[in-house]
Amino acid sequence: MRFCIVGAGFSGAIIARHLSERGHQVLVLDERPHTAGNCHTERDSATGVMVHNYGPHIFHTSDQRAWDYVNRFGTFRPYINRVKAVSGGRVYTLPVNLLTINQFFNLTLSPDEARAFIASKGDSSITDPQNFEEQALSMIGPELYHAFFRGYTRKQWGMEPTELPASILKRLPLRFNYDDNYFNHLHQGMPENGYTAIIDAILDTPNVEVRLGEKFEDVEESFRHVFYTGPLDRYFGFRLGRLGYRTLDFERIEADGDYQGTAVINHCDETTPYTRISEHKHFAPWEADTFKRTVAFREYSRLCGEADIPYYPIRLVNEKSMLNSYIDLANNTAGVSFLGRLGTYRYLDMDVTISEALDACDRIDVLLAKGSTFPAFFNL
Ligand code: FAD
Ligand code: UDP
């Protein structure tokens, strides 16, 4: 009997290739008409621009193994994510850096002066921040919090920042120099021919059949084992309830030339209904000037309904206790392992997804050699 992989994103493709290289037969299923999962990219037929269909994806990592792995399957071009932010009718740079601070407060502080200035703004009575708002108030003080984070976060998550974990804000750097690179990682880049070409190259191996446009639920074949990278609650028919997600709506803008002059502009004011606008030709600066027309997308966030695509796991108290019940259920279910962003209900960047899939491959080798069964989770 062959193995089945549900989902042709990074997680599924990496496991499929590994099993194939060990001589096993593998069926990869995806209900979408394309491979690459949420990282899917394709050339826009109207403009020719390479579009990231499910929102902008920038590859950034300090994990050498993940970086080496993706570079085996395609060429990455240098790309640095430099985000702009509109707040109160003015444009700033993010993450908060010395230029943001000096422009916002109309000052000309040096790095040390800015550090002391921001420390004086921070609420020193908050010693152990318990939520997003407390984290922000203790770290940057009320003015920057209200200008850049409060409104955007309420739009993005649909709830009060006091209800959200402090960890969400900790994703972003705070800098006291003029470095406006959105990420701190060692490597950053954009695949020359898009992510889908990379994932197709990973899947281009003997012993792997890729079947697109087909749901796992509709397949009658029996498998030696299933590696499931779809939503954990969906595998069990939502029998314990639905894990909460935010979904996104994208509103297309097409224009001549250059629409906004950069790849990503965040719109931090709450009076603006969308969170950000991404103009995709700027994700490929090496070819951006070759297109006469341009395409950009306004991004709106809302609670994920039953028919929507799940994007961001919410993971508040309710979801966490439901998640634990699903984990127990999965641990008591033979024949299936859950991986990836949806299978483990975690927000995972691509590099973490890749690293976890590669770790799972190492464990798979050990378990196959011993003749043991596979666990429900490799990474939880
Ligand atoms: P997915 O890519 O979600 O693949 C799962 C696949 O399973 C899907 O194609 C789905 O169709 C299929 N599937 C599910 N259930 C079934 C079923 N029952 N039957 C058949 N098929 C099924 N990461 C970064 O590193 N940098 C970024 O800039 C970045 N930006 C992001 C922006 C947004 C808006 C979002 C939501 C994510 C972003 N990410 C980013 C994270 C990145 O998308 C994930 O790390 C990556 O997609 C996870 O891969 P995966 O294989 O686990 O899951
Ligand atoms: N955030 C914000 N304003 C911004 C950018 C980010 O308030 O201009 C908050 C928001 O809550 C977001 C979090 O910081 O969810 C993490 O930002 P990141 O850019 O990592 O968001 P993601 O890539 O998850 O969309």
Side-chain angles (χ1 to χ4, degrees), residues 4-15 28-40 52-61 66 70 79 81 83-87 92 94-96 132 135-136 144-145 147-157 159 161 164-165 167-173 182-183 185 188 190 195 199 211-219 226-232 234-235 245-248 250 264-268 275-276 278 283 299 301 309-313 338-344 346-354 356-357 379:
C4 178
I5 315 280
V6 182
F10 266 118
S11 306
I14 290 170
I15 305 284
V28 177
L29 287 174
D30 204 299
E31 65 184 343
R32 293 175 176 174
H34 56 75
T35 56
N38 265 21
C39 308
H40 176 54
H52 302 205
N53 299 56
Y54 301 93
H57 278 69
I58 297 110
F59 202 96
H60 54 98
T61 190
V70 289
Y79 178 84
N81 198 29
V83 173
K84 303 292 173 280
V86 172
S87 174
Y92 301 92
L94 280 185
V96 174
F132 186 102
Q135 176 70 31
L144 292 174
Y145 167 57
F148 296 108
F149 296 101
R150 188 167 183 277
Y152 187 100
T153 297
R154 282 167 54 100
K155 290 190 288 185
Q156 170 76 8
W157 293 100
M159 60 186 88
L164 290 165
S167 56
I168 296 182
L169 185 62
K170 288 188 202 152
R171 283 169 62 90
L172 299 184
Y182 204 69
F183 303 115
H185 289 127
Q188 197 172 154
M190 203 53 89
Y195 292 100
I199 287 171
R211 242 195 260 157
L212 300 176
E214 195 161 331
K215 287 183 176 40
F216 175 63
E217 292 82 340
D218 296 340
V219 171
V226 175
F227 294 92
Y228 191 87
T229 74
L232 176 62
R234 174 172 166 184
Y235 180 86
Y245 279 94
R246 300 291 291 173
T247 193
L248 298 174
F250 295 98
V264 181
I265 301 188
N266 289 1
H267 289 263
C268 300
T275 51
R276 56 183 179 178
S278 310
F283 289 122
E299 206 169 304
S301 170
I309 299 174
Y311 280 92
Y312 294 98
F338 298 89
L339 295 116
R341 189 176 69 90
L342 302 164
T344 62
R346 286 173 303 154
Y347 184 90
L348 301 178
D349 276 325
M350 290 179 279
D351 62 327
V352 181
T353 305
I354 291 164
E356 291 198 351
N379 314 103

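Atoms within each ligand, like the ligands themselves, are counted from 1 in listed order. The first residue of the sequence shown is numbered 1, and numbering continues consecutively from there. These numbers were taken from a predicted model, which means no experiment stands behind them.
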Look at ligand 2 and say whether Leu94 reaches it with a heavy atom at a distance under 4.0 Å. yes
Criterion side chain to side chain contact (heavy atoms under 4.5 Å, CB included) against Ile5, the qualifying member of Phe227, Phe216, Tyr228: Phe227
Counting from 1, what ligand 2 atoms have a heavy atom of [X] closer than 4.0 Å?
X	result
Thr153	2 (C), 7 (O), 9 (C), 10 (C), 11 (O)
Asn266	4 (C), 5 (C), 8 (O)
Ile168	11 (O), 13 (C), 15 (O), 16 (C)
Cys268	8 (O)

Just heavy atoms, cut-off under 4.0 Å: does [X] contact ligand 1 by side chain, backbone, both, or neither?
X	result
Thr353	side chain
Glu217	side chain
Phe183	neither

Is the closest heavy-atom distance from [X] to ligand 1 below 4.0 Å?
X	value
Pro231	yes
Phe59	no
Tyr235	no

Could you tell me whether Asp351 and ligand 1 have an N or O pair separated by under 3.5 Å? no
Heteroatom distance test (Tyr311, ligand 1): nitrogen or oxygen, under 3.5 angstrom: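 There is no such contact.
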Could you tell me, atom by atom, which parts of ligand 1 come under 4.0 Å of a heavy atom of [X]?
X	value
Leu248	34 (C)
Thr229	5 (C), 7 (O)
Tyr347	31 (C), 37 (C), 38 (C), 39 (N), 40 (C)
Leu348	41 (C), 42 (C), 44 (C), 45 (O)
Leu342	3 (O)
Gly7	6 (C), 7 (O), 12 (C)
Ser11	50 (P), 51 (O), 52 (O)

Check each of [options] against [atom] and report the one with the nearest heavy atom.
atom	options	result
atom 34 (C) of ligand 1	Phe250, Tyr312, Phe216	Tyr312
atom 27 (C) of ligand 1	Ile58, Leu212, Leu339	Ile58
atom 46 (C) of ligand 1	Gly12, Gly9, Cys39	Cys39
atom 30 (N) of ligand 1	Ala13, Pro56, Gly37	Pro56
atom 14 (C) of ligand 1	Pro310, Ala8, Gly230, Gly343	Gly230
atom 38 (C) of ligand 1	Glu214, Glu299, His57, Arg246	His57
atom 1 (N) of ligand 2	Tyr152, Tyr182, Tyr145, Phe132	Tyr152

Which heavy atom of Asn266 sits nearest to which heavy atom of Tyr182, and what is that distance? ND2-OH, 4.5 Å
Taking all atoms of both residues into account, what is the closest heavy-atom pair of Leu348 and Glu356, and its distance?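 Where Leu348 meets Glu356 most closely, the heavy atoms are CD1-OE1, 4.0 Å.
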Criterion side chain to side chain donor-acceptor pair (under 3.5 Å) against Ser301, the qualifying member of Lys155, Arg246, Arg154: Arg246
Is [X] touching ligand 2 with its side chain, its backbone, both, or neither, if touching means heavy atoms under 4.0 Å apart?
X	result
Tyr312	side chain
Ala85	neither
Leu172	side chain

Aromatic ring pairing Phe283/Tyr79, orientation class (parallel under 30°, perpendicular over 60°, tilted between): tilted
Are any of the side-chain heavy atoms of Phe148 and Tyr92 separated by less than 4.5 Å?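 Sidechains of Tyr92 and Phe148: in contact.
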